[in-house]
Amino acid sequence: MKIEFQSGSTDEMQRTPIPATPEALLMAVLASNKRTSNPRLREIMDALLRHLHAFASEVDLSYAELELGLDFLVRIGQATGPEKHEGILLADILGLATLVGLIDAKKALASGGTEPALIGPFWRANQPIRPNGAHIASADTPGDKLFVQGRVLSLDGKPLANARVETWQASPGGLYENQDPEQEDMNLRARFQTDGEGRFSFHSVRPAGYAVPVDGPCGELLARQRRDIMRPAHLHFIVLADGYKTLATQIFDADDPNAYRDVVFGAVGSLLQSFEARSDGSYTLDLELRLEPGTMRVPLCPLP
Ligand code: BEZ
Ligand code: FE
């Protein structure tokens, strides 16, 4: 793509120095954004610049602190690769991913749609396609048995047939298979298609809560903030259906000892649910996932 830069016409050119005040500087910086041709980019940059300048002024940011912040961002990039997405982890621990999910789902939430939850850094591309009723845990996976059955519905209760349902979860040891050499490749991951009544189902094991990865710059920040690093036990879902907005969510085990300790603020509202205990020691989870009409979009997948 050829990038073209514009030089200002004589009329628009600044002919006097910018007065040496934060306010005048901000005016000049905002003026430099005025010709941005994409209106949404112009709006976003305008707000970002205003808030960034206000933030630096509010905390009296020093140049040494700016250097530290830039170094942190560089290290976030360096810690990101095909095996690990430190950038997503950063958005998650700042609460930004949860906020953006709530903003995106504003309309759905007002009309009984399922609450969203962040995707996180562990969704993998090409999860195995499995038939409804399949076992997603390999035979050697320990833990309490769990049977999950769900329905994908529109806001007015219409079953959505042929929807794609992606699911992934940590093991009872609290690790995703990509973090754990003891587990088979793609263990506890699957892609299902809903039947004519919008149903999907699978056999699994009860997941455990876990600590988020703390071996990178996000871990340093969490330590400096003296934060709890746990997530409650949960199963992830992404539901894709033609004519409906994609739903990314998680269902949390309300009886997990970590139920109210979520370092990424994802365990909101009715997403905390009790898994039903059966007399044989196994558990069941019944779900309804309600989608808002709109455009389906496949989210970017953090892991190959
Ligand atoms: C997850 O739910 O898989 C997750 C989310 C944020 C950070 C780490 C993991
Ligand atoms: Fe998770």
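Scope of the values below: all heavy atoms of this structure, side chains included, with no hydrogens, waters or symmetry mates. Counting convention: from 1, in listed order, for ligands and their atoms alike.
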Using only heavy-atom distances, determine whether the side chains of [X] and [Y] contain a donor-acceptor pair under 3.5 Å.
X	Y	value
D255	S274	yes
H53	H51	no
T249	E115	no
Q193	R130	no

Opening angle at the Fe ion (ligand 2) [NE2, H236; NE2, H234; to 10 degrees]: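 Result: 90°, to 10°.
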Proximity flag W123 to ligand 1, non-hydrogen atoms under 4.0 Å: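 The answer is no, since W123 has no heavy atom less than 4.0 Å from ligand 1.
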Contact with ligand 1 for W168, non-hydrogen, under 4.0 angstrom: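 It does not; every heavy atom stays at 4.0 Å or beyond.
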What atoms of ligand 1 come within less than 4.0 Å of a heavy atom belonging to [X]?
X	answer
G120	5 (C)
H236	1 (C), 2 (O), 3 (O)
V264	6 (C)
F122	3 (O), 9 (C)

Salt bridge D144-R278, side-chain N to carboxylate O under 4.0 Å: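 Salt bridge absent between D144 and R278.
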Residues, nucleotides or ligands: over 12 heavy atoms within 6.0 Å of N126 CG: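 No, CG of N126 has 12 or fewer neighbouring heavy atoms, counting only those of other groups under 6.0 Å.
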Pair N187-S171, side chain to side chain donor-acceptor pair (under 3.5 Å): steps then yes or no: CA-CA 9 Å; N187 193 35; S171 70; over 6 Å; no
Nearest neighbour in protein (non-hydrogen) for atom 2 (O) of ligand 1: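 I find the closest protein heavy atom is R231 NH1, 2.5 Å.
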Selection from T98, V263, L90, D92 by shortest heavy-atom distance to atom 6 (C) of ligand 1: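 Result: the heavy atom closest to atom 6 (C) of ligand 1 is in D92.
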Q169 near the Fe ion (ligand 2) via N/O/S, less than 2.8 Å: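 Checking the Fe ion (ligand 2) against Q169, no N, O or S atom falls under 2.8 Å.
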Y210 near the Fe ion (ligand 2) via N/O/S, less than 2.8 Å: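 Checking the Fe ion (ligand 2) against Y210, an N, O or S atom does fall under 2.8 Å.
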